[in-house]
Amino acid sequence: MTTTTNRLSTRLAAGALVAGIALLGAPAYAESMSAGDPADATASLYDIRKVSANHQDTKLVVEVKVTDLLLESDGGPASMSLFIDTDRSQAGPELRLGTGLQTGTDYQLVRMKNWRAVGEPLTCGHKVKLVADKDTVRFRVNAGCLGSPDELRVGVKMVDLWDGSHPVRDWFKGVRHWTRWLDRG
Ligand SMILES: [Ca+2]
Ligand SMILES: [Ca+2]
């Protein structure tokens, strides 16, 4: 009897192991990209150096690395905008998640049409986190805000008004440049 029980346990354990392996082997439900950007806005510490985007089933996560994410500034404000294109048939982005780059500044998700914000700020799930020790700005937008598109692409722009008379602008890879389309997976 003991032997049978043991065999059963062994078979159950083996079954669980196989199930675990199958789970690990499942395709990741996300498509990612990551690309560098030149040090072409050296007048600003917030010069965009790298953009990584991950389009998951439940959310979009974008990380933007800058030269030096200084959270305190004795000059004018700096800001960053993440543009999200979810619809090929409509020109320009459908959403913009904008944020200040200093501690205590706010962020806001708005709908866009023809590169202009329309309507009130959205209250669906989204977040911006300033990760100073990694010089990284982390954007998250939940699928509910995106409308669960099969594919999307993103663009990033930084504006630094430290010296108000000489604003510094840096677009990832160039003005209104987009990443490639990223499938939801
Ligand atoms: Ca740059
Ligand atoms: Ca569009």
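Atoms within a ligand are numbered from 1 in the order they appear, just like the ligands themselves.
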Visitor: Is Asp135 reaching over with its side chain to a backbone N or O of Val66, donor-acceptor style, under 3.5 angstrom?
Guide: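 No; zero donor-acceptor contacts below 3.5 Å.
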Visitor: Could you please tell me which protein N, O or S atoms lie under 3.0 Å from the Ca ion (ligand 2)?
Guide: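 Near the Ca ion (ligand 2), the protein supplies Asp85 OD1, Asp87 O, Gln90 O, Gly92 O, Glu94 OE1, Glu94 OE2.
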Visitor: With the side chain counted from C-beta on, respond yes when Thr58 and Asn142 share a heavy-atom pair under 4.5 Å apart, and no when they do not.
Guide: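 Thr58 does not reach Asn142 side chain to side chain.
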Visitor: Any N/O/S atom, side chain or main chain, of Ala41 closer to the Ca ion (ligand 1) than 3.0 Å?
Guide: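 Of the N, O and S atoms in Ala41, none lies under 3.0 Å from the Ca ion (ligand 1), which means no.
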Visitor: Rounded to 10 degrees, what angle sits at the Ca ion (ligand 1) between Asp37 OD2 and Asp170 OD2?
Guide: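 Rounding to the nearest 10 degrees gives 100°.
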Visitor: Pair Trp162, Tyr46 - check ring-ring contact (aromatic ring centres under 6.0 Å, His included), show working.
Guide: CA-CA 11 Å; Trp162 189 84; Tyr46 307 114; over 10 Å; no
Visitor: Specify the closest pair of heavy atoms between Lys157 and Phe83, including all atoms of both residues, with the distance to one decimal.
Guide: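 Lys157 and Phe83 have their closest heavy atoms at CB-CE1, 3.9 Å.
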Visitor: Is a side-chain donor or acceptor of Thr105 paired with a backbone partner of Gln102 at a separation under 3.5 angstrom?
Guide: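 Confirmed, Thr105 side chain pairs with Gln102 backbone.
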Visitor: For Thr179 and Val154, indicate whether the former's side chain and the latter's backbone hold a donor-acceptor pair under 3.5 Å.
Guide: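 Judged by distance alone, yes, a pair lies under 3.5 Å.
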Visitor: Any N/O/S atom, backbone or side chain, of Arg49 lying under 3.0 Å from the Ca ion (ligand 1)?
Guide: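 Coordinating: no.
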Visitor: Need one value: angle at the Ca ion (ligand 1), Asp47 atom OD1 versus Asp40 atom OD1, rounded to 10 degrees.
Guide: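 It is 90°, given to the nearest 10°.
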Visitor: Examine Val156 and Leu109 and state if one hydrophobic cluster contains both, with Ile, Leu, Val, Met, Phe, Trp and Tyr joined whenever side-chain heavy atoms are less than 4.5 Å apart.
Guide: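 Per the 4.5 Å side-chain linkage, Val156 and Leu109 are co-clustered.
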Visitor: Look at the rings of Tyr107 and His126 and say which category their plane angle falls in: under 30° parallel, 30 to 60° tilted, over 60° perpendicular.
Guide: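 Rings of Tyr107 and His126: perpendicular, over 60°.
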